[in-house]
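All remarks here apply to the structure that follows.
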Amino acid sequence: MARAPQVLRGMRDFLPEQMLLRQHVLNSFREVFERYGFEPIETPVIEYLETLTGKYGEDEKLIYSFQDRGERDVGLRYDLTVPLARFVANHRNELNFPFKRYHIAPVFRADRPQRGRYREFWQCDADIVGTKSMMADAEVVSVWIDALSAINMPGFVVHINHRKLLMSLAEVAGVPNEQTSTIHRAIDKLAKIGEDGVISEMVSNDIPEDAARRVLDLVSTRGEPGHVFEQLVDRLQGNTLAEEGLTELRSLFGYLESMGADPAHYTLDLTLARGLDYYTGPVFEALSVDANIGSLGGAGRYDGLVGMFSGEDLPATGCSLGLERIFDVIQERNLVGVPPTVSQTMVTIFNEETVGDSLSLVGELRRAGISCEIYVGERWDLRRQLQYANRKGIPTTVILGPDEIKRGEVILREMETGEQSTLARSDLLGVLQARSAHA
RNA sequence: GUGCCCGUAGCUCAAUCGGCAGAGCACUGGUCUGUGGAACCAGGGGUUGCGGGUUCGAGCCCCGCCGGGCACCCCA
């Protein structure tokens with residue numbers, strides 16, 4: 001047998017059964033996004049390379065880039081946020097602000113693949129451009145919670161922090177600003193490597209131990225958000241950056257509470273340090289404590305990004321869910337039941353004399369809106385046809401032979417039980433429609 | 001991008017020290033010309049991921065590439 005080529009590293013194929021599950025998830029997300037007034041857009045997969053560069057910091061090395069036929073330097077989009085900023089800059093006179101859009105599409109990263117980490121994966125983004133109001137950030141968190149709830153994602157929590165608090169940490173520690181990202185890297189690993197690990201990570205990067213302890217002590221503040229805010233206000237007094245961040249977080253949490261967002265699904269996490277360069281305000285990360293698959297989504301406010309393209313500053317905030325990780329979790333755990341096939345029924349063929357009757361029946365059913373197959377294989381023994389239906393998971397078959405045709409009847413077979421009933425051909429459509437209404 | 005583990009039939013795996021490439025499941029056909037899942041019988045299917053090297057001889061040893069996984073980096 002000839003060897004088929006493999007797919008590219010980090011990319012994968014999806015079988016029909018998997019696609020039906022993916023589409024179910026996507027439809028759920030779409031529904032939730034639209035419930036909040038987000039509307040769909042689409043942008044090209046490929047952008048000019050310069051559109052993508054200079055936005056992601058160190059991650060920039062993971063951009064898939066190449067030259068096209070005209071020797072233009074181009075790149076596959078790395079996320080949907082930078083293309084959105086470019087989109088808004090291009091169309092700002094045609095948009096109604098605050099602009100709310102969702103975008104569900106594949107993105108590409110030239111990363112080394114692992115479980116839950118692919119080179120091509122789908123992101124599901126909802127963003128609001130053109131308002132600094134924390135209400136927009138609250139909507140983003142809330143839409144996330146609703147989206148993940150809609151697909152029964154187990155044990156997920158949206159962790160919330162603020163970029164301005166993070167930026168103030170170097171000042172708190174009394175170390176140079178260049179050390180800020182070192183501090184972020186260290187505290188972000190707290191849950192993974194523990195307090196001692198965090199301290200030694202900072203110390204080994206030339207941060208004095210007492211400074212490291214001050215930082216750790218500060219970000220370890222836990223408890224009811226209200227109390228934490230009070231403590232932080234005291235301890236960070238005089239630090240303008242931190243005070244701004246705290247003020248914003250307080251109103252964000254206030255809005256969330258008023259909206260009735262389930263507090264089990266969001267939490268203040270001062271150790272959350274999102275890496276992307278363009279974040280400027282609240283930052284969010286969706287994690288599942290149950291599923292060991294890393295982050296389900298990342299989000300945050302990026303007030304400067306649109307301005308990088310248009311000169312006109314437009315504040316923005318938004319969220320991004322990674323479909324592949326979500327899909328892997330619900331597939332592994334069987335969390336969402338989706339029928340294995342789109343076909344509701346299949347009409348069988350008896351022989352050359354009756355094939356016309358089978359075809360006209362299937363045509364009628366299709367015109368009436370029933371998803372209906374006829375067996376298109378070459379050999380028409382009933383055994384083969386039932387086996388096909390069985391393997392595909394088609395719930396019923398319609399058996400139509402000379403006897404039935406003569407009497408104006410059909411046999412409706414339940415594939416699960418093998419139960420059969422004879423009914424008038426004219427009643428078949430009604431019966432099938434009733435069944436699909438129940439499903 | 002760095003380090004490590006792995007790759008044998010569609011799937012899961014076996015093959016002693018380097019010595020004739022196998023099994024179960026799946027698939028195809030039949031038992032069964034108006035009834036799927038079960039049983040029984042038979043059959044097809046492999047350049048052992050790809051390419052090179054060492055050797056009388058390589059699935060096994062060495063090198064490169066492709067692909068999978070883990071850790072790091074980072075991330076959805």
Side-chain angles (χ1 to χ4, degrees), chain A residues 1-13 15 56-63 78-81 104-125 144 148 153 156 181 184-185 188-189 192-193 201 272-277 283-288 291-300 319-329 346 348-351 354 375 377 379-405 410-420 422:
Chain A
M1 200 166 38
R3 280 179 298 281
Q6 294 170 297
V7 296
L8 240 36
R9 164 173 277 212
M11 309 197 176
R12 42 190 198 159
D13 292 326
L15 295 166
Y56 302 110
E58 276 187 38
D59 292 353
E60 188 166 309
K61 59 179 192 268
L62 299 181
I63 295 172
Y78 179 90
D79 63 13
L80 300 177
T81 308
I104 296 173
V107 303
F108 300 84
R109 296 185 188 178
D111 206 351
R112 186 104 144 210
Q114 268 179 58
R115 174 170 297 283
R117 176 183 295 198
Y118 305 95
R119 288 187 166 181
E120 176 183 22
F121 62 98
W122 284 59
Q123 287 196 326
C124 312
D125 282 33
W144 244 10
L148 290 170
M153 177 58 63
F156 74 87
S181 63
H184 294 173
R185 265 200 298 278
D188 194 47
K189 293 182 192 163
K192 196 171 180 179
I193 62 180
E201 169 116 4
L272 168 62
R274 306 227 78 236
L276 291 177
D277 263 14
V283 287
F284 316 111
E285 180 155 35
L287 297 165
S288 168
N292 180 28
I293 196 138
S295 161
L296 300 172
C319 62
S320 178
L321 286 170
L323 177 63
E324 321 308 306
R325 290 183 179 178
I326 289 163
F327 172 70
D328 286 356
V329 171
M346 186 186 86
T348 63
I349 300 166
F350 185 77
N351 64 17
T354 69
Y375 183 71
R379 293 168 63 181
W380 292 339
D381 38 315
L382 192 53
R383 168 194 178 78
R384 203 175 295 272
Q385 299 182 60
L386 291 177
Q387 185 169 276
Y388 170 85
N390 182 49
R391 286 184 181 166
K392 196 160 171 180
I394 301 173
T396 62
T397 46
V398 175
I399 297 170
L400 189 60
D403 300 343
E404 289 75 31
I405 291 169
V410 297
I411 294 171
L412 183 63
R413 181 178 178 88
E414 306 291 337
M415 294 305 285
E416 183 81 22
T417 59
E419 219 171 286
Q420 295 190 168
T422 302

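Here is how names work: the chains are called A, B, and so on, in the same order as the sequence lines, proteins then strands, and each is numbered from 1.
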Checking N1-N3 plus N6-O4 or O6-N4 for Watson-Crick, or N1-O2 and O6-N3 for wobble, each under 3.5 Å, the partner of B:U55 is none
Using the ring of each side chain (for Trp, its six-membered ring), is A:Y78 parallel, tilted or perpendicular to A:Y56, with breaks at 30° and 60°? tilted
Where the side chain of A:P113 is defined as all heavy atoms beyond and including C-beta, which of B:U35, B:G67, B:G68 is the nearest nucleotide? B:G68
Using a 4.0 Å heavy-atom cut-off across all strands, classify A:K392 as base, sugar-phosphate, or nothing. nothing
Indicate the atoms forming the closest heavy-atom contact of A:R9 with A:P113, along with that distance. CG-CG, 3.5 Å
With a non-hydrogen cut-off below 4.0 angstrom, is A:I326 in contact with a base, only sugar-phosphate, or nothing? nothing
Of the options B:G34, B:G68, B:C70, whose atoms approach the side-chain atoms of A:R9 most closely? B:G68
Distance, P atom - from B:A21 to B:C73, rounded to whole angstrom: 47 Å
Nearest-Å distance once atom C1' is located in both B:C66 and B:U54: 23 Å
Watson-Crick or G-U wobble partner of B:A14, both distances under 3.5 Å: none
Tell me what A:Y118 touches on the nucleic acid: a base, only sugar-phosphate, or nothing, going by heavy atoms under 4.0 Å. base
Just checking A:E60: base, sugar-phosphate only, or nothing, at a heavy-atom cut-off of under 4.0 Å? nothing
I'd like the P distance from B:C5 over to B:A9, given in whole Å. 22 Å
Nucleotide nearest A:Q114 (side chain, heavy atoms from C-beta), chosen from B:C74, B:C72, B:G67: B:C72
Identify whether any heavy atom of A:R109 sits under 4.0 Å from a base atom; if not, whether one sits that close to sugar-phosphate; answer base, sugar-phosphate or nothing. base
Is any N or O donor-acceptor pair between the side chain of A:R325 and the base of B:C75 shorter than 3.5 Å? yes
Tell me the partner of B:G44, counting only Watson-Crick (N1-N3 plus N6-O4 or O6-N4) or G-U wobble (N1-O2 and O6-N3) with both under 3.5 Å; none if nothing fits. none
Just to be sure I understand the rule, does A:G10 reach a base, reach only the sugar-phosphate, or reach nothing, if contact means heavy atoms closer than 4.0 Å? sugar-phosphate
Using atom P in both nucleotides, what's the gap between B:C25 and B:A38 to the nearest angstrom? 11 Å
Interatomic distance, A:Y375 OH vs B:G34 P [rounded to whole Å]: 17 Å
Please state how far atom NZ in A:K189 lies from atom C1' in B:C74, giving the value in whole angstrom units. 10 Å
Presence of donor-acceptor pair under 3.5 Å, side chain of A:R117 and base of B:C74: yes
Residue met sooner reading RNA chain B from 5', once A:V7 and A:G298 are mapped to nucleotides: A:V7
Nearest heavy-atom pair of A:A286 and A:L148: which atoms, and what distance? CB-CD1, 4.1 Å
Would you name the heavy atoms of A:R325 and A:S295 that are closest together and state the gap between them? NH1-O, 2.8 Å
Under 4.0 Å, counting only non-hydrogen atoms across every strand here, what does A:L382 touch: a base, just sugar-phosphate, or nothing? base
Same-atom distance (C1') from B:C56 to B:C50, integer angstrom: 26 Å
Taking every non-hydrogen atom, the tightest pair across A:T396 and A:E414: CG2-OE1, 3.7 Å
How far does the P atom of B:U33 sit from the matching atom of B:G24, given to the nearest Å? 28 Å
What is the pairing partner of B:G67, taking Watson-Crick or G-U wobble pairs with both distances under 3.5 Å in any strand? B:C6
With rounding to the nearest 0.5 Å, note down the distance linking CZ in A:F156 to CD1 in A:I326. 10.0 Å
A:R384 has an atom CZ; how far is it from atom P of B:G34, in whole Å? 14 Å
Do A:R383 and B:U35 share a donor-acceptor pair, side chain to base, under 3.5 Å? no
A:R115 atom CZ: more than 12 heavy-atom contacts under 6.0 Å: no
Reckon A:R379 touches a base, only the sugar-phosphate, or nothing at all at heavy-atom distances under 4.0 Å? sugar-phosphate
Are the side chains of A:M415 and A:L386 in contact, using a 4.5 Å heavy-atom criterion? yes
What contact category does A:Q123 fall into here, base, sugar-phosphate, or nothing, at under 4.0 angstrom with non-hydrogen atoms? sugar-phosphate
Base, sugar-phosphate alone, or nothing: which one does A:V107 contact when heavy atoms must sit under 4.0 Å apart? nothing
Determine the Euclidean distance between corresponding C1' atoms of B:C62 and B:A23; express it in Å to zero decimal places. 31 Å
What's the gap between B:G49 and B:A14 when it is taken at their P atoms, as a whole Å value? 14 Å
Grab the CZ-P distance between A:R112 and B:C5 for me, whole Å please. 13 Å
Could you give the CG-to-P distance, from A:L15 to B:C11, as a whole number of Å? 12 Å
Mind calculating the distance between CZ (A:R119) and C1' (B:G67) to the nearest angstrom? 11 Å
When we call it a touch if two heavy atoms are under 4.0 Å apart, what does A:E404 touch: a base, just sugar-phosphate, or nothing? base
I'd like to know if A:Q385 reaches the base of B:G34 with its side chain such that a donor and an acceptor end up less than 3.5 angstrom apart. no
Look at all strands and tell whether A:R413 reaches a base, only sugar-phosphate, or nothing, counting heavy atoms closer than 4.0 Å. base
Nearest to the side chain of A:D59, which nucleotide is it out of B:G67, B:G36, B:C74? B:C74
Looking only at heavy atoms, the pair that brings A:W380 and A:Q385 closest together is O-NE2, 2.8 Å
Is there a Watson-Crick or G-U wobble partner for B:C72 with both distances under 3.5 Å, and if so, which one is it? B:G1
What is the distance, to the nearest angstrom, from the CD atom on A:E58 to the C1' atom on B:U2? 14 Å
Donor-acceptor pair (no angle test) under 3.5 Å: A:Q420 side chain, B:U35 base: yes
So A:I399, base contact, sugar-phosphate only, or nothing? Heavy-atom distance under 4.0 Å. base
State the pairing partner of B:C32; accept Watson-Crick or G-U wobble contacts with both distances under 3.5 Å, and report none otherwise. none
State which of B:G67, B:G36, B:G68 makes the closest approach to the side chain of A:L386. B:G36
Taking for each residue the nucleotide of RNA chain B with the nearest heavy atom, is it A:G294 or A:R115 whose nucleotide lies nearer the 5' end? A:R115
Figure out the CG/P separation between A:D381 and B:G30, and round it to whole Å. 8 Å
Counting the atoms with a prime plus P, OP1 and OP2 as sugar-phosphate, which does A:R391 contact under 4.0 Å by heavy atoms, base, sugar-phosphate, or nothing? sugar-phosphate
Between A:R119 (side chain) and A:D111 (backbone), is there a donor-acceptor pair under 3.5 Å? yes
